[in-house]
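Heads up, the thing below is written out as structure tokens.
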Amino acid sequence: MKKWNLIVDLAKCFNCNNCALAVHDEYHGNEHPGVAAEMPRQGHRWIDVLQRERGVYPMIDVVSMPVTCNHCDDPPCLKAARDGAVTKRADGIVVIVPEKAKGQRQIMEACPYGAVWWNDEKNLPQAWPFDAHLLDSGWTKTRASQVCPTEAIRTLRLEDDEMLRMVAEEGLEVLHPEYGTKPRVYYKNLDRWRKAFVGGSLAGVIDGVVECLSDIRVELSKDGRTVGTATTDTFGDFRIDGLPEGSGRYRVEIFDPRFGSKEIEVDLGTSVYLGAIMLSGPEARP
Amino acid sequence: MKFSLLLFGLLQALRVQAKRYPQFAKRLREKNFTAQMMALDTRGGRWFTFQDGRILSKKGLHPSPDVTLSFATEEVGARLMTPPLKELEQVEAIKNFQMSMDGPDELSLWFTQTIMLMRQQGIEYGTPMPDGTTRYVSHTNGGPMFVYVRNGKIVRITPIEFTEEDAPSWTIEARGKRFTPPRRTSLAPHSMCQKSTVYSPDRLLYPMKRVDFDPNGERNCQNRGISGYERISWDEALDIVAGEIKRVKREHGQGAIMGTHGSHHTWGNLGYYISSAFKFFNIIGTTKVVHNPDSWEGWYWGAMHHFGYSMRLGQTETYSCVEDLMKDAEMVVFWSADPETTSGSYAAFEGTPRRLWLNELGIEVVHIDPYYNNSASLIGGKWLAPKPGTDAALAFAIAHVWLTEGLYDKKFVAERTVGFDKWADYVLGKEDGIPKTPEWQEGETGIPAREARALARQWGRKKTYLGAGGWGNGHGGACRSATGIQWARTLACLMGMQGMGRPGVNYGCMQWGTPIDIRFYFPGYADGGLSGDLEGTGLAINLYQRMPQLPTYNPSTQKIPRLQIPEAILEGKAEGYPWDGKTIEGQFRKFSYPAPGHSPVKMMYKIGGASIGTMNDSNRYVKAYRTDALEFVVNQSIWFEGEAKFADLILPACTQFERWDISEFGGTGGYALHGQTQMNHRVILLQHKCIEPLGESRSDFQIFLDILTRLGHSAYFSEGQTEFDWVKRMFDASDLPKHISWKTFLKKGYFVVPALPEGRRDPVALRWFYEGRKKDVPEPHPLPGDYTEQFLEGLQTQSGKFEFECNSLKRFDPDDPERPPIVKYLRSWEGPGTELYDAYPLQLISPHSRFSYHTLSDGKASAVNDIKEHRVLVDGYYYWVVRINEIDAKKRGITEHDLVRVFNDRGTVICAAHLTNRLPEGTVHAYESSAVYDPLGEPGHSADRGGCINQLTPKRSIAKKVTGTAANSCLVQVELWDGSGELRSASRDARSELVPAE
């Protein structure tokens with residue numbers, strides 16, 4: 001049977017929050033019996049957009065990541081629920097049944113992703129129900145997909161094996177696979193969120209003037225093994241990405257027949273910008 | 001047909017419609033009176049007595065009719081009454097005294113509108129959906145939408161997804177790939193949230209009066225902003241407003257009423273301020289508030305003198321630039337351009353998928369902005385962060401590299417420009433001894449010289465598009481700062497060196513210039529709507545001929561520059577230079593307030609409540625409200641927020657979801673002609689009345705009409721018609737009827753204008769100029785008389801060429817140090833190096849927000865308040881966000897989401913701090929446009945925790961001989977908040993007024 005999946009591409013998310021606002025539009029002011037009681041006007045973000053920065057001025061990037069109920073195939077909330085207050089539908093969607101879940105705080109507490117919100121007024125756990133009521137009435141995508149300007153969020157209805165093939169082909173990942181809950185919300189380019197880069201800007205003196213040094217090869221090694229290479233761009237910038245955060249000591253090696261070589265030791269926590277690296281002449285300002 | 005027969009037919013039609021439609025029968029029960037229609041030549045006619053819903057009628061004349069509609073002759077009457085309705089003939093008959101109305105406005109208006117309503121019975125609109133909702137169409141500043149309604153309540157709002165029925169989308173082929181846009185419209189976040197603002201707890205649902213305001217006794221003006229309000233009836237409210245209009249005119253004379261509105265309104269060509277409000281203000285006679293070109297400033301006052309384009313307020317044409325960029329450009333420089341935040345003003349996220357194509361095409365991208373903005377975060381590229389206000393120094397340095405290394409288009413410079421040698425001399429330092437080298441600029445901007453040089457070389461060698469401001473051809477950002485004129489002028493000169501119009505070399509950032517069909521006529525909001533205003537709108541150009549209407553003129557010639565409303569009220573004086581794009585010289589005509597023989601302003605009629613959040617140094621506005629100089633303030637608003645809380649009387653307006661209107665996605669007309677080329681598709685919208693007005697709120701049109709009915713102007717304002725009739729009139733005036741029937745359009749609610757086939761697309765902007773041909777783009781600018789040589793040859797400048805040395809400035813004032821004939825570098829008067837910098841060492845930039853559109857959508861318990869980029873919840877209160885570099889924060893002991901005091905001598909705003917590396921040290925960032933003004937003490941004299949950042953921005957004009965806002969940057973200090981509501985000054989001589997108003 002075909003089931004619903006959500007794919008979020010972090011390379012295309014830029015924090016516009018239309019997905020979060022569409023959820024508010026759909027669930028605040030409306031009751032969807034069997035699927036969702038009304039969402040409070042303020043305070044809940046059933047789809048939330050997290051944001052982090054990597055690097056420092058002037059080498060930085062910003063990554064935004066929508067997070068929501070993962071509609072797990074092995075949902076801890078379902079196990080924690082009493083009286084059938086959480087159901088796993090045949091199409092993969094997990095629903096916290098508003099009529100049955102009153103007072104069941106443990107449903108919220110059971111979610112390792114923190115994706116279940118507590119509605120104080122209604123004494124009710126609530127999460128994004130994948131717009132199940134709309135899909136049931138013929139919609140082919142979630143509202144989050146529909147309003148996403150970059151199509152960073154896709155709603156897909158696929159057989160599980162088709163989905164697995166896609167996961168492999170597109171390099172999709174889920175958040176915290178170690179929780180073992182088998183999420184149906186997948187991420188593309190997740191490295192942008194969790195990996196670090198080492199970057200810098202090469203400069204050198206040419207004809208008595210400090211210039212950006214482009215087209216210079218930079219190597220990054222760890223324990224004597226090369227783990228990445230880059231060539232500096234117009235501005236002398238290089239960036240070697242995809243490194244595990246907190247992965248310890250690295251060596252940046254720069255070779256150039258004209259400007260000589262340089263080696264820099266880096267202890268990598270989060271992303272590092274080494275500043276301006278002068279290959280000849282006086283040290284430039286960082 | 002004979003007059004008497006037509007009158008009999010009217011009677012029958014009224015009766016038939018009443019029988020068929022209960023709603024219409026109900027209408028007929030509203031009033032008991034006698035109306036009569038007659039011809040003055042034959043004294044023939046018919047009377048209609050409305051009695052408890054029945055109509056008694058007889059041929060001939062009634063002895064005492066309440067209302068009489070007279071025609072000069074039976075021929076005129078018969079001609080005008082024969083369907084279809086002929087507005088042109090009706091307007092001509094009214095103007096030439098061939099048709100007139102006599103009787104109380106309340107009854108005559110009811111009678112004519114009833115005849116119009118008769119025609120509207122049985123209309124069908126909206127699309128029934130499977131889930132039992134009805135899907136209507138509406139439109140906002142951030143895009144059009146489907147509106148799903150059940151039981152009179154909005155259930156959801158979505159973008160419009162096109163179907164097979166709708167016209168196909170265009171395709172651009174570039175570098176072996178084919179690109180076509182998504183088959184839908186997009187929505188900006190400030191529109192996506194609008195259901196939450198329609199149903200906001202802050203909606204004004206009935207008229208209110210300040211409790212201690214008595215129009216016949218104590219007015220207690222000093223209590224504006226402090227005292228509460230009480231509910232009153234519409235009749236009472238309208239009587240007070242109409243009474244005050246008469247009183248101030250009687251007691252003070254011409255000019256005593258000021259009519260004023262914000263920069264934006266709820267969308268719709270008829271409900272827009274340029275339509276209904278302008279007509280209302282013209283009819284009652286008002287001192288006009290002259291807006292400055294607040295998104296164009298540096299381009300209007302500066303760049304225009306180099307290349308003309310006054311009709312675009314100093315921004316160049318953009319036809320087919322998207323395709324040209326994709327095919328030929330190798331690099332795009334985004335300079336103070338963040339279209340992913342500002343959405344091209346009205347273009348939602350239409351340009352966003354196009355900008356992702358830059359990555360697919362491998363086009364290099366550079367962002368120059370003190371803030372690593374949202375566009376940079378989406379598409380990446382090199383980021384250069386000049387200190388705010390120093391951008392021109394970087395531009396000079398780029399020119400220096402080009403001059404010394406020969407990296408510019410010498411043929412273009414020789415053939416298409418004048419004054420190059422003077423510009424080159426200044427850049428090279430031959431004039432002032434200071435070569436504007438990359439090293440020199442480093443001291444100003446903080447950008448390493450080597451990076452400026454690398455950028456210059458890359459730009460000089462590669463075919464490069466300059467994306468200046470959010471539209472790409474200027475607009476917003478750095479042009480709104482103290483050095484905005486220099487910024488725009490130096491950028492114009494850079495393009496003058498690279499040969500604007502060369503393939504792959506132009507203004508743009510994929511935002512303007514899609515290959516849609518602009519030859520299909522549909523008016524924009526600036527084209528005047530139903531205003532009749534031939535002087536203050538674009539009406540005369542096109543729409544007036546196509547939608548004939550009674551003209552309106554404002555009897556008062558008194559004007560106040562919008563930036564000096566507080567000075568006009570508090571000091572009784574103001575001076576300004578106009579926003580008039582007809583010619584380059586339009587901006588030189590200085591005006592003064594008060595105008596000769598006019599009364600100072602005594603009454604303010606304000607539409608909306610955005611000033612405190614959107615104008616500069618806005619504690620001034622608060623103080624101006626709290627004075628006896630203003631005897632009466634009426635505010636017409638949708639929400640109880642901002643300056644609505646400073647009115648004596650509040651009139652509750654409804655949103656556009658609650659009234660009829662018609663418009664086009666991003667269709668502005670006027671100074672942003674063909675702005676629809678920001679869109680991926682031209683989409684024309686019938687804005688359905690989706691729900692009934694909430695509470696007792698009414699449409700702006702209706703409120704104006706209700707007031708004017710009390711002044712005897714109802715027929716002049718409405719021409720006897722309802723808003724719905726005007727919608728139909730605009731439909732008929734456009735090219736729509738050639739493509740879609742009224743019935744289908746009314747039901748479906750939108751029409752997609754077919755894009756041009758590939759072979760018939762418009763020529764690329766400025767290519768004609770680059771190649772020295774006649775102008776061939778579909779732009780009716782400049783005025784024919786503004787060509788120096790042959791018609792269509794050359795630019796609007798005196799020489800017809802790009803002028804590095806501007807003839808218009810030489811004529812106006814060659815010795816103006818702020819605006820010399822060639823652009824020169826001057827430091828900002830509020831930046832590093834000034835005296836103020838010691839006390840306030842942080843440069844605050846305050847650009848437009850992504851989530852608050854000029855206060856629309858912010859505050860009012862809107863859904864956007866829960867977006868962390870917008871507001872942050874601390875101790876139960878949603879605070880505005882100030883962004884501060886991590887190191888600057890650490891120095892001040894500030895951690896993430898601490899409440900901080902952002903302040904200078906002008907005011908204090910309490911914000912939640914967000915620590916970031918998206919700014920270099922020394923620069924802080926907070927968006928403007930808070931809807932919430934929440935003073936912690938006396939209004940105007942205490943800290944605000946609502947987030948109105950504009951309390952901190954300077955009131956000083958960007959130059960002495962212009963009237964422009966420098967609201968984009970100012971100097972501030974930031975420190976942890978101690979909970980006090982007191983204002984604080986860090987400068988040695990703590991004065992609240994730093995610079996005299998210019």
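Every heavy atom of this structure was used, including side-chain atoms; hydrogens, water molecules and symmetry mates were not. Being a predicted model, the structure only gives us computed values, none of them experimental. Every chain is numbered from 1, with letters handed out A, B, ... down the list of sequences.
With a 4.5 Å cut-off on non-hydrogen atoms, A:R41 touches chain B through its backbone and its side chain both. When heavy atoms are compared at a cutoff of 4.5 Å, B:R457 approaches chain A solely by way of its side chain, counted from C-beta outward. Only the side chain of B:E364 comes within contact range of chain A, judged by heavy atoms closer than 4.5 Å. B:A188 touches chain A through its backbone: at least one of N, CA, C or O sits under 4.5 Å from a heavy atom, while the side chain does not. For A:A22, the parts lying near chain B are the backbone and the side chain together; criterion is any non-hydrogen pair under 4.5 Å. Only the side chain of B:E439 comes within contact range of chain A, with heavy atoms under 4.5 Å apart. For a residue to count as touching a neighbouring chain, one of its non-hydrogen atoms must lie under 4.5 Å from one of that chain's; by this rule A:D237 touches chain B with the side chain only. For a residue to count as touching a neighbouring chain, one of its non-hydrogen atoms must lie under 4.5 Å from one of that chain's; by this rule B:H914 touches chain A with the side chain only. The parts of A:Q146 that come within reach of chain B are both its backbone and its side chain, each placing non-hydrogen atoms under 4.5 angstrom from that chain. When heavy atoms are compared at a cutoff of 4.5 Å, A:V63 does not approach chain B at all. Only the side chain of B:V366 comes within contact range of chain A, judged by heavy atoms closer than 4.5 Å.
Comparing A:V209, A:T150, A:V62 by how many heavy-atom pairs each has under 4.5 Å with chain B, the most go to A:V62. Interface summary for chain A: among B:R184, B:Q458, B:R355, the most heavy-atom pairs under 4.5 angstrom belong to B:R184. Counting heavy-atom pairs closer than 4.5 Å to chain B, the top residue among A:Q42, A:H133, A:R45 is A:Q42. When each of B:A861, B:C193, B:S377, B:G380 is checked for heavy-atom pairs under 4.5 Å with chain A, B:A861 comes out on top. Looking only at heavy-atom pairs under 4.5 Å with chain A, the residue among B:P353, B:S196, B:P438 that has the most is B:S196. Taking B:L378, B:L919, B:D866 one by one and counting their heavy-atom pairs under 4.5 Å with chain A, the maximum is reached by B:D866. Note: B:L455 leads B:N374, B:L455, B:I154, B:D131 in heavy-atom pairs under 4.5 Å with chain A.
Within the model, atoms CD of A:E151 and OG1 of B:T352 stand 11.5 Å from one another, a figure rounded to the nearest 0.5 Å. Distance CD1/B:I379 to NZ/A:K12: 14.0 Å, rounded to 0.5 Å. With rounding to the nearest 0.5 angstrom, the OG1 atom of B:T916 is 5.5 Å from the CD1 atom of A:I60. The distance from atom SG of A:C212 to atom CZ of B:R453, rounded to the nearest 0.5 Å, is 8.0 Å. Rounded to the nearest 0.5 Å, atoms CD (B:E869) and OG (A:S64) are 8.0 Å apart. Here the straight-line distance linking atom CD of B:E451 with atom OG1 of A:T234 works out to 11.0 Å at 0.5 Å rounding.
Salt bridge status for B:K382 with A:D233: absent, with no side-chain N to carboxylate O gap under 4.0 Å. Taking a cutoff of 4.0 Å between a charged side-chain nitrogen and a carboxylate oxygen, A:E26 and B:R156 qualify as a salt bridge. For the pair A:K141 and B:E161, the salt-bridge criterion is met [side-chain N within less than 4.0 Å of a carboxylate O].
Side chain of A:D25 to backbone of B:I157: a donor-acceptor contact under 3.5 angstrom is found. A:N18 places a side-chain N or O within 3.5 Å of a backbone atom of B:L187 that can act as its donor or acceptor partner. For the pair A:Q51 (side chain) and B:K868 (backbone), a donor-acceptor distance under 3.5 Å is absent. Remark: the backbone N or O of B:R450 is not paired with any side-chain donor or acceptor of A:E211 at under 3.5 angstrom.
The ring of A:Y57 has its center no closer than 6.0 angstrom to the ring center of B:Y371.
Smallest separation of non-hydrogen atoms from A:V147 and B:P159: CG1-CD, 3.7 Å. Nearest heavy atom pair, residue B:Y878 against residue A:G43, reads OH-N, 3.6 Å. The two residues B:F851 and A:N15 have their closest heavy-atom pair at CZ-O, 3.8 Å.
Heavy-atom contacts from other residues, nucleotides or ligands closer than 6.0 Å to CG of B:N151 number 12 or fewer. More than 12 heavy atoms of other residues, nucleotides or ligands sit less than 6.0 Å from atom CD of A:E99.
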Please test B:K195 against A:N30 for side-chain contact (heavy atoms from CB on, under 4.5 Å), starting from the C-alpha separation and ending with a verdict. CA-CA 11 Å; B:K195 189 183 91 179; A:N30 296 324; 3.3 Å; yes

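Looking at heavy atoms from C-beta onward, A:D61 lies in side-chain contact with B:Y372 at the 4.5 angstrom threshold. The shortest side-chain heavy-atom distance between A:F235 and B:W383 does not fall under the 4.5 Å cut-off.
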